[in-house]
Protein chains: 2
Amino acid sequence: MAETKIPKATAKRLPIYYRYLNILHDSDKNRVSSTELSEAVKVDSATIRRDFSYFGALGKRGYGYDVDSLLKFFKKILNQDKLTNAALIGVGNLGNALLNFNFHQNSNVRISAAFDVRPDLANTVQSGVPIYPMSELRKQLEDQQIKIVILTVPESVAQNVTDDAIAGGVRGILNFTPLRVSVPTNVRVQNVDLTNELQTLIYFLDHYNEEE
Amino acid sequence: MAETKIPKATAKRLPIYYRYLNILHDSDKNRVSSTELSEAVKVDSATIRRDFSYFGALGKRGYGYDVDSLLKFFKKILNQDKLTNAALIGVGNLGNALLNFNFHQNSNVRISAAFDVRPDLANTVQSGVPIYPMSELRKQLEDQQIKIVILTVPESVAQNVTDDAIAGGVRGILNFTPLRVSVPTNVRVQNVDLTNELQTLIYFLDHYNEEE
DNA sequence: TTTTTATTGAAAATTATTTCACAAATCGTC
DNA sequence: GACGATTTGTGAAATAATTTTCAATAAAAA
């Protein structure tokens, strides 16, 4: 399934490249060099070439990379040639913003179902997405074959909800709660911890002055 | 200023430790081992000990770490013993959610000013935070001595707004736009790219199955 | 007191990632 | 075609981060 395992650091950069390739494509550029890419995405050009080379020789010496074929290649690699459905669990403050956040505009992901405990939300439609009661979580995930969830519930219930979601077949979790949830090894968690990010930023400001 | 430069990977974990130490403190635990911490924060115990050791010998062999003194230490290190004001630029969909997101509850950061282009928003107060017109960005940042901004504007204006903010003295940017903004070396950018996170998650799901 | 158990701190080994630097390939021009 | 200018792809070196290992020490038990 994997093409001889790409480094994680590389994998995390692929969407960044993909995004900029789309921009180039939309502006009808058909050729790009690693140096040019480097400036746009703020990644060293040697790193970009190394990243690309894990997938084979994608460029041409003395020429650069062909935008269209590179784009097509990454679209495939990133599964962006198919639509991926995700579920949002917890339609509170942040959850609501994510419902309106148009993932589908920039990527082939869309939130196709949402869940919340509040009885007045259950069985309504918010921003075009049906909201189900939490009691239906497992069943709906199974029925709709949803493999990815976005977790925006209160920390106190995060682990329970996670367990439920995994029971429903979920394989990837975008976790906005500060809790580091426990999951089996075949489930992937990507943590987005806003308080953390701010604190890290403050730390760097105070301790890594005037350099990079 | 810096205590002989800590690895970046370590710096990013400090807020995670800090948060869990607070939880331990609140539940009146006064001692913790690296193994116990490890389970809670999902970081290998050796990595935790290594991380701590950059700051000196904080623990006691055969005993573990004293929660209170460790907490006090990290509070200082992370500047959480002082209040840090941040500004939010762009009170749209996501920006609004962040205004309501209580950073102050979990950390000593609060959003003390917000900015938006919409004339109907300017000079109102949203969730207790005054909204200023964009034209006042630089002046307000200077006057209020705000060094950190949260950027939730449309991508198309991200670079301009960033330049303005930096002219106003900003040193750290939590960037929610997909644009990799250009900044001088003494300004730090922390990118939070939601579409990216989802795409990375999908990539890992498809290519790094059944292992870790 | 002595022994056992728990646990850190740090050196060393390992693994992962980035960067350098250059030969090889290709392009565009004369 | 030959030549100079570009630009990739990649070994090798450098740097960064994690993990192993274990001596030293503290606390608890005998």
Side-chain angles (χ1 to χ4, degrees), chain A residues 2-14 16-17 21 24 29-70 73-74 180 185 200 203-204 207-208 211-212, chain B residues 2-14 16-17 21 24 29-70 73-74 180 185 200 203-204 207-208 211-212:
Chain A
E3 42 284 290
T4 52
K5 210 62 68 51
I6 267 62
K8 282 193 192 142
T10 297
K12 289 189 186 166
R13 282 187 293 263
L14 298 181
I16 307 178
Y17 301 144
L21 287 171
L24 290 175
K29 280 209 65 170
N30 45 22
R31 142 183 194 184
V32 67
S33 71
S34 58
T35 314
E36 194 183 342
L37 256 174
S38 171
E39 275 155 31
V41 302
K42 310 275 189 286
V43 173
D44 185 86
S45 69
T47 302
I48 293 179
R49 292 200 300 280
R50 170 77 71 204
D51 283 348
F52 287 5
S53 78
Y54 289 115
F55 300 98
L58 303 179
K60 269 198 206 146
R61 290 164 196 245
Y63 175 86
Y65 300 89
D66 180 74
V67 172
D68 277 18
S69 55
L70 202 54
F73 185 81
F74 279 126
R180 264 43 188 176
T185 54
T200 302
Y203 180 84
F204 279 129
H207 300 270
Y208 287 63
E211 48 72 59
E212 169 80 1
Chain B
E3 42 284 289
T4 53
K5 212 60 68 52
I6 268 60
K8 282 195 193 141
T10 296
K12 290 191 186 165
R13 284 188 292 262
L14 297 181
I16 307 177
Y17 301 144
L21 286 171
L24 289 175
K29 280 208 67 169
N30 45 25
R31 140 182 198 185
V32 67
S33 71
S34 57
T35 315
E36 194 182 343
L37 256 174
S38 172
E39 277 156 28
V41 302
K42 310 276 189 283
V43 173
D44 186 85
S45 69
T47 302
I48 293 179
R49 292 201 299 280
R50 163 62 112 211
D51 283 348
F52 287 5
S53 76
Y54 288 114
F55 299 99
L58 303 179
K60 270 196 208 149
R61 287 161 198 248
Y63 175 87
Y65 300 88
D66 180 75
V67 171
D68 278 17
S69 54
L70 202 54
F73 186 80
F74 279 124
R180 262 43 186 179
T185 54
T200 302
Y203 180 83
F204 279 129
H207 301 269
Y208 287 63
E211 51 69 61
E212 169 73 2

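First the proteins, then the strands, lettered A, B, ... as listed; each starts at 1. Just so you know, these numbers come straight off a predicted model, no measurement behind them.
When heavy atoms are screened at a 4.0 angstrom cut-off, B:Ser34 is found touching the sugar-phosphate backbone but no base atom.
One finds the OH atom of B:Tyr203 at 9.5 Å from the CZ atom of A:Phe74 (value rounded to the nearest 0.5 Å). A distance of 13.0 Å separates CZ in A:Arg31 from CG in A:Leu24, rounded to the nearest 0.5 Å. Separating the OG1 atom in A:Thr35 from the CG atom in A:Asp44 is a distance of 9.5 Å, to the nearest 0.5 Å. The CG atom of A:Leu14 lies 8.5 Å from the CZ atom of A:Phe52; values are rounded to the nearest 0.5 Å. Expressed to the nearest 0.5 Å, how far OG of B:Ser34 lies from CD of B:Glu39 amounts to 10.5 Å.
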Response to the item:
The contact string for nucleotides 23-30 of chain D, one letter per nucleotide 5' to 3', using protein heavy atoms under 4.0 Å with B, S and - for base, sugar-phosphate only and none, comes out as BBBBS---
Item to complete: Scan nucleotides 11-20 of chain C nucleotide by nucleotide, 5' to 3', and note B when protein non-hydrogen atoms come under 4.0 Å of the base, S if they reach only the sugar-phosphate, - if neither.
Response: -B----SSB-
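Between A:Leu70 atom CG and D:dT7 atom P there is a gap of 16 Å when expressed in whole angstrom units. Remark: P of D:dT7 and OH of A:Tyr65 are 11 Å apart, rounded to the nearest angstrom. Rounded to a whole Å, the CG atom of A:Asp66 is 21 Å from the P atom of D:dT6. Atom CG of B:Leu37 is separated from atom C1' of C:dT7 by 13 Å (rounded to the nearest Å). Spacing between atom CZ of A:Phe55 and atom P of D:dT8 amounts to 17 Å, rounded to whole angstrom units. Rounding to whole angstrom units, NZ of residue B:Lys12 and P of D:dT18 are separated by 10 Å. Rounded to a whole Å, the CD1 atom of A:Ile48 is 16 Å from the C1' atom of D:dT10. Taking atom NZ on B:Lys5 and atom P on D:dA17, their separation rounds to 12 Å, with Å as the unit.
The side chain to side chain contact (heavy atoms under 4.5 Å, CB included) test with A:Tyr17 singles out one residue from A:Ile48, A:Leu70, A:Thr10, and that residue is A:Ile48.
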Would you mind writing out the side-chain donor-acceptor pairs for residues 57-67 of chain B within the sub-3.5 Å range, not counting sequence neighbours?
| unit_1 | atom_1 | unit_2 | atom_2 | d |
| --- | --- | --- | --- | --- |
| B:Asp66 | OD2 | B:Ser69 | N | 3.0 |
| B:Asp66 | OD2 | B:Ser69 | OG | 3.0 |

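Here the nucleotide nearest the side chain of B:Ser33, chosen from C:dA10, C:dT8, D:dG9, is C:dT8.
Counting non-hydrogen atoms of other residues, nucleotides and ligands closer than 6.0 Å to NZ of A:Lys42 gives a total above 12.
Between B:Ser38 and B:Val43, the shortest heavy-atom contact is OG-O, 2.6 Å.
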